[in-house]
Every structure is written in C-alpha cells, then in structure tokens.
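Order of the sequence lines fixes the chain letters, A, B, ..., with proteins taken first and strands second; residue numbering starts at 1 for each chain.
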Amino acid sequence: MDTSPHSEAAYRLMHNGILAIARAEQQGLRVDLEYLEQRKANLTSKINRLERKFKASDFYRHWEHSRGGRVNINSNAQLAHFLYKTKKLEVEKETESGQGSTDEETLRQLNIPELDILLDMRKLKKVRDTYLEAFSREQVKGYIHPFFNLHLVRTFRSSSDHPNFQNIPKRDEESMQIVRKALYPRPGHQLMEVDYSQLEVRIAACYNHDQQLIYDITQGDMHRDMAVQIFMLDSFDKSNPAHKVLRQAAKNGFVFPEFYGDYYKNCATYMACNWGKLPPTKWKPGQGIEIDGAHLSDHFIEKGIKSLDTFINHVKKIESDFWGVRFADYAAWKDRWWKTYQKYGYIDMYTGFRCHGVMGKNDCINYPVQGAAFHCLLWAFTEIDRISQEENWRTRLVGQIHDSMILDVHPDELEYVVKVVHRVTCEDLPAHWPWIIVPLEVEIELCPVDGSWAEKDEYKIK
DNA sequence: GGAACTCGCCAC
DNA sequence: AAACGTGGCGAGTTCC
C-alpha cells in the first residue's frame with residue numbers, strides 16, 4: 001500500500017500542516033522533573049517489594065529449580081516454557097507464532113496468585129519505563145518536544161515519537177494519574193484538550209450517506225440500541241450501572257469492531273467473557289456480572305441463551321441485521337468501494353489522497369475514513385496555528401492525538417481561544433470541505449491554572 | 001555490539 | 001471465503 005497526495009490541495013494540506021506541527025513540536029510541554037525522579041524511585045521500591053514477594057513463593061522456587069537457577073522474571077518466553085512445558089498447563093490461547101500466551105487475560109484465567117504479583121509488576125514497570133523514563137530521557141530544560149510525523153502511516157494519519165505523545169494512559173485510573181501528573185503547562189497557563197466527538201464515525205457517514213447512521217449521529221444512540229438487542233434487555237435505564245456496562249460492551253465489543261471489519265464470533269466471545277465475565281462454555285445460574293439484582297447468566301438462561309455457542313449464534317443474527325437492515329446503505333457502500341478498488345487498483349480519499357498497492361477489503365473501507373478524519377483535525381490545527389500567529393497569542397498549540405489537539409492556554413485568552421477553536425473546528429472546516437454532510441462537534445477539557453494534565457475536567461462551551 | 005525479530009500493552 | 005484498522009516502544013531473544 002502506498003498513499004500519496006494526489007491533488008494540489010492535498011499537497012498544500014501536508015505542506016501547511018507540517019509547518020504548524022513543527023511549531024507545536026518546538027513549543028513542547030513542561031514536565032515536572034522533581035516529580036519524575038520521586039515517582040520513578042517510588043515505583044522502583046514498589047516493584048522491588050513485589051519482586052521479593054514473588055521470589056519467596058513456591059511457584060518461583062519451582063520455576064528456578066526447573067531452569068537450574070537462571071530465571072529472568074521479565075522473560076515471557078521463559079514463563080511460557082515453565083507454564084506450558086514444565087508444568088504442562090493447558091494452552092488456552094496462542095500467540096501469533098504459536099507459543100502459549102502469557103498476556104494478562106491468559107495469566108489471570110490460570111488462577112495462580114503468584115502470577116497476579118507478576119502482573120502488578122508488569123503494570124508498574126510499563127508506567128515507569130515506557131512513560132516516566134522516556135519523559136526524563138527526552139526532556140530538554142524541563143520540556144519534552146514530542147514529534148508528530150505526517151509521513152509514516154499507511155492511512156495518512158500521524159504518528160508520534162521521542163516521546164510518543166499519542167499513547168499516554170487514560171483508561172486505567174492509577175496509570176493515568178501517575179503519568180499525567182508529570183505534564184504541566186507553562187507557568188501561569190493551563191492545558192486544554194479539544195476533542196472531536198465520534199469523528200471517524202461521522203466521516204464514515206460522509207462517505208456512505210447512510211440515513212440511519214446520520215440519524216444515530218445527530219439524534220440517536222446506536223450503542224444503546226445495540227446493547228438492548230445484544231443483551232435482550234426489556235428496557236434500558238441509563239442510570240443503571242449494569243446497563244451502562246452493557247452499553248460500553250456493545251460499543252467497544254460490537255459496533256466499533258464491526259465498523260473496522262471484525263465479525264460476530266470474535267465480538268460475541270469478547271463481549272461475553274471480557275465484559276460479561278462469563279466462562280467460554282456452558283453457563284450456569286449465578287455467573288457473570290450482576291444485572292438487575294441477578295447475574296448475567298441468569299438473565300441469558302431465562303432468554304434461552306445457555307452457553308457461549310448459543311450467544312455466538314445470537315450475535316450472528318444481530319450482525320446480519322446490523323449490516324443487512326440497519327446499516328444496509330453503509331454495507332452497500334463498502335461493497336461498492338471494494339469493487340472500485342478491484343477494478344481500478346486504487347481508491348481516492350475525499351481529501352485528495354490516493355491509496356494504491358495491495359489492499360484487502362477492510363483496508364479499502366478503513367483507510368479513506370481514518371485518513372480523512374485525521375485530515376479534518378490537521379486542517380483545523382493548521383488554521384488555529386495560523387490565527388494564533390497572526391494575532392500573537394500567548395496561547396499555543398503543543399500537540400495532537402489523531403482527533404484532538406492540545407493547547408497551552410493563557411487564562412486571559414481562554415474564552416476567546418475557545419470561541420475561535422469552536423468556530424474553526426465546527427463551522428470553518430465543514431465550510432471548507434462541502435463533502436462534510438454531518439454536523440461536527442467538539443468536547444473541551446481544561447486543567448486548572450498551573451495544574452497537571454491529570455486534572456483535566458469537562459469545560460462547558462458558553 | 002547492533003539489527004531484526006517476538007510479545008505484550010499503551011493510545012485512537 | 002474470510003474474519004479488527006493505525007501506530008510506538010520496552011524487554012527479551014536470536015542472528016550476524
């Protein structure tokens with residue numbers, strides 16, 4: 001696969017975009033050096049404590065004995081050998097190359113308490129070595145200057161490195177807090193993140209013009225609808241925590257994977273086992289997460305779904321309804337797009353980029369959506385950079401994460417900056433590209449003045 | 001002693 | 001028939 005700017009406008013977007021990004025790279029983000037050193041030391045002592053505890057266990061002694069004393073507890077290859085060859089445990093999951101897996105999910109399922117210690121160590125080491133250590137290594141005079149590459153990604157998204165600013169922990173509360181507490185604005189400033197809501201889904205709708213999808217974006221809630229269908233709910237109560245979990249499961253376990261090209265079997269298994277906490281076999285009463293005073297297995301059994309296999313079958317029917325009825329126009333677009341590629345050997349993005357080379361069907365569907373979505377962000381980023389330069393803002397752009405941008409804001413300029421950012425992202429951009437036929441929205445999060453990036457909070461646009 | 005590989009895990 | 005898209009990076013390991 002090879003993608004290239006195929007029009008003058010596409011070239012200009014890259015040219016102007018790289019200049020705006022270079023300016024953000026030069027600005028950088030402040031890191032708290034004292035915090036970094038303290039936190040790394042603190043994590044090291046926690047890791048050492050866990051290591052001592054692990055090494056005092058019978059499990060470790062057995063492992064050590066089996067290797068004549070030469071154990072590296074960081075080596076998953078050695079661990080896999082010990083678990084699956086020495087102890088002869090059953091391999092539930094294999095890696096790409098056919099080795100027994102030692103990923104978190106697999107180790108948890110083995111129900112060996114010592115492995116939980118190992119997993120706790122893994123998590124702390126990830127935070128210390130991948131994030132905090134990288135910030136220390138890359139900082140110059142207390143500022144990191146992450147790079148944002150426009151020329152490395154197949155889909156013409158961006159990537160980031162030295163350090164990578166686009167994979168900083170967010171979902172895991174503890175990791176998120178530890179890492180983001182290292183990042184600060186300039187003295188007297190505050191960090192702000194402007195995030196396009198559902199950008200890729202909206203751009204997909206611009207390609208396929210599916211009326212149901214457009215309805216869902218503007219007025220509906222497809223994740224709720226799919227949760228009701230998949231989990232056979234009689235009603236949906238958005239204040240019910242269990243219903244919220246099921247909506248999340250439908251969103252991240254079915255809707256998004258289906259949009260990316262996954263299929264019912266993976267989706268069903270992932271939803272039942274990961275979100276529902278059900279075993280991958282026949283289900284008995286009292287299993288799985290709690291829902292409406294009972295357990296998920298009770299609920300499913302009552303509805304006639306008594307095992308993972310029957311659930312997979314159920315999700316199979318939902319998938320054919322999803323693509324055959326609900327999003328039939330979307331599905332027809334996918335077929336047309338694939339046929340076009342097969343006939344001509346390339347496909348064009350709406351932003352003037354051409355994808356050619358060897359592509360599969362999923363690639364033909366995903367690349368133009370992912371690429372054009374990022375181009376929206378890049379256009380807005382470039383425009384905001386231009387305005388900030390012309391008007392001599394003290395506020396500056398400092399980074400970007402595919403569908404969001406990060407600014408280091410001077411509090412006196414906050415309201416004005418929000419106004420300009422909102423206008424550029426939600427009004428100027430759709431005016432610039434007439435193929436954008438759905439409304440665009442942004443969410444804004446703001447940190448306190450002199451507060452760290454861990455203290456982000458929703459900011460209501462006035 | 002470095003390049004290239006695997007595995008696991010972080011983000012969108 | 002096939003079956004999840006895009007990255008970066010650390011640690012271990014293997015190859016040259």
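Residues satisfying the side chain to side chain donor-acceptor pair (under 3.5 Å) test with Lys93(A), not counting sequence neighbours, are Asp103(A). Under the side chain to side chain donor-acceptor pair (under 3.5 Å) criterion, Thr102(A) pairs with no residue at all, not counting sequence neighbours. In terms of the side chain to side chain donor-acceptor pair (under 3.5 Å) criterion, residue partners of Glu174(A) (sequence neighbours excluded) are, by chain and number, Lys123(A). Taking the salt bridge (Lys or Arg N to Asp or Glu O under 4.0 Å) definition, one finds that Lys88(A) meets it with nothing, sequence neighbours left out.
Arg137(A) comes within contact range of the sugar-phosphate backbone alone, with a heavy-atom separation under 4.0 Å but no base atom that close. Counting any heavy atom pair closer than 4.0 Å across all strands shown, Glu258(A) reaches no nucleic acid atom. Counting any heavy atom pair closer than 4.0 Å across all strands shown, Leu152(A) reaches sugar-phosphate atoms only and no base atom. Across all strands shown, Asn366(A) has heavy atoms under 4.0 Å from sugar-phosphate atoms exclusively, and none from any base.
Residues Tyr330(A) and Phe259(A) place their aromatic rings such that the two centres sit under 6.0 Å apart. Taking the ring centroids of Phe135(A) and Trp453(A), they lie at or beyond the 6.0 Å cut-off.
None of Gln99(A), Arg122(A), His81(A) except one satisfies the side chain to side chain donor-acceptor pair (under 3.5 Å) rule with Asn76(A); the exception is Arg122(A).
Under the 30°/60° scheme for interplanar angles, the aromatic rings of Phe59(A) and Phe82(A) are found to stand perpendicular.
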Open item on the list: How would you summarise protein contacts on nucleotides 6-12 of chain B per nucleotide, using B for base, S for sugar-phosphate only and - for none, with heavy-atom distances below 4.0 Å?
Closed with: SSSBBSB
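Nucleotides of DNA chain C lying under 4.0 Å from heavy atoms of chain A occupy a range whose first and last members, 5' to 3', are dA3(C) to dT13(C).
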